[in-house]
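We count ligands from 1, going down the list as the structure has it; atoms in each ligand are counted the same way. All figures in this text were calculated on a predicted structure; none of them were measured in a lab.
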Amino acid sequence: MRTYSDEEITAFGLNPNRIPNHVAIVMDGNGRWATGRGLPRGAGHRAGVQALKDIIRFTSDIGVESLTLYAFSTENRKRPKEEIGILCGLLIEYFNREIDELHSNGVRILSIGDLNWFPTAVQQTVREAEARTAKNPGLKLNIALNYGGRAELLRAMRLADEEAKKTGAEPDEAMLARHLYTADSGDVDLLIRTGGEERVSNFLLWQIAYAELYFTDVKWPDFTRDELIKALQDYAGRERRFGGLKTDGTK
Ligand code: FPP
């Protein structure tokens with residue numbers, strides 16, 4: 001829920017009229033953050049969860065409507081069991097610790113991806129957080145867990161096909177989009193990837209069709225509010241034409 005006034009947003013160096021509706025983040029670089037400090041990778045994930053708190057709070061306070069976070073991809077299932085166990089533990093710990101505050105800030109939590117793959121304790125924790133916050137009016141916080149963009153599209157196509165057969169309607173883009181996990185959040189305006197790689201990695205393939213892309217070398221645990229402000233300033237300076245022309249007719 002937006003809590004800052006236009007003046008306060010301007011004081012952060014942001015343009016209140018150029019705040020993206022939907023921000024998506026690939027939170028990369030936890031492992032390298034840790035190994036660079038001689039720490040185990042799990043310490044990087046823990047620091048990564050720590051970094052989340054202020055980013056969620058700030059996006060909510062400046063009035064971003066949806067924030068979609070890539071917490072665990074279908075490809076991450078290939079990681080060693082031990083690391084997966086650490087991530088699952090951190091997830092449960094995170095929800096137990098933060099859910100009250102998220103709820104009181106009006107955040108609505110939705111997991112996207114195939115949650116059934118996770119241990120029951122993770123499923124229960126996430127489902128409880130979703131149920132408790134389902135009617136909240138504020139920031140839509142979508143957390144990608146065992147998520148893959150191609151798998152999401154395949155699922156949406158199947159569901160759209162069922163709908164078309166049932167209703168006799170011709171499948172179109174709007175019908176498919178209604179069956180995406182993120183249907184309520186719409187297209188992504190700004191996709192941020194930390195950690196130095198410049199790839200999309202099977203994240204929100206449909207939703208990023210016209211997204212502005214922002215890559216930074218900063219590793220996720222070091223991605224502070226100031227780094228987010230830089231990304232938002234960069235976004236505000238982009239000219240979004242959606243395939244059309246500028247208003248003066250030039251390209
Ligand atoms: C990428 O770093 C990060 C992940 C695979 C996990 C991201 C998860 C979190 C920040 C915590 C869990 C989330 C929630 C919502 C509680 P990497 O390990 O690929 O880093 P590397 O590229 O340096 O190896």
May I have the N/O to N/O pairs between ligand 1 and the protein that fall below 3.5 Å, each with atom names and distance to one decimal?
residue  : atom   : partner : partner atom : Å
ligand 1 : 2 (O)  : Gly29   : N            : 3.4
ligand 1 : 2 (O)  : Asn30   : N            : 3.3
ligand 1 : 18 (O) : Arg41   : NH2          : 2.8
ligand 1 : 18 (O) : Arg79   : NH1          : 2.8
ligand 1 : 19 (O) : Asp28   : OD1          : 3.1
ligand 1 : 19 (O) : Arg79   : NH2          : 2.8
ligand 1 : 20 (O) : Gly29   : N            : 3.4
ligand 1 : 20 (O) : Asn30   : N            : 3.2
ligand 1 : 20 (O) : Gly31   : N            : 3.0
ligand 1 : 22 (O) : Asp28   : OD1          : 3.0
ligand 1 : 22 (O) : Arg32   : NE           : 3.3
ligand 1 : 22 (O) : Arg32   : NH2          : 3.0
ligand 1 : 23 (O) : Gly31   : N            : 3.4
ligand 1 : 23 (O) : Arg32   : N            : 2.7
ligand 1 : 23 (O) : Arg32   : NE           : 2.7
ligand 1 : 24 (O) : Arg41   : NH1          : 3.0
ligand 1 : 24 (O) : Arg41   : NH2          : 3.2

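A donor and an acceptor atom, one from each side chain of His45 and Asn30, are located under 3.5 Å apart.
In this structure, Leu205 and Arg150 approach most closely via the heavy-atom pair CD1-CG, 3.7 Å. The two residues Ser66 and Ser185 have their closest heavy-atom pair at OG-OG, 2.9 Å.
Atoms CD1 and CG, from Ile56 and Leu69 in turn, are 5.5 Å apart once rounded to the nearest 0.5 Å. Note that CG of Asn116 is 9.0 Å distant from CG of Asn146, once rounded to the nearest 0.5 Å.
Summarising the local packing, CD of Glu93 is surrounded by more than 12 heavy atoms from other residues, nucleotides or ligands at distances under 6.0 Å.
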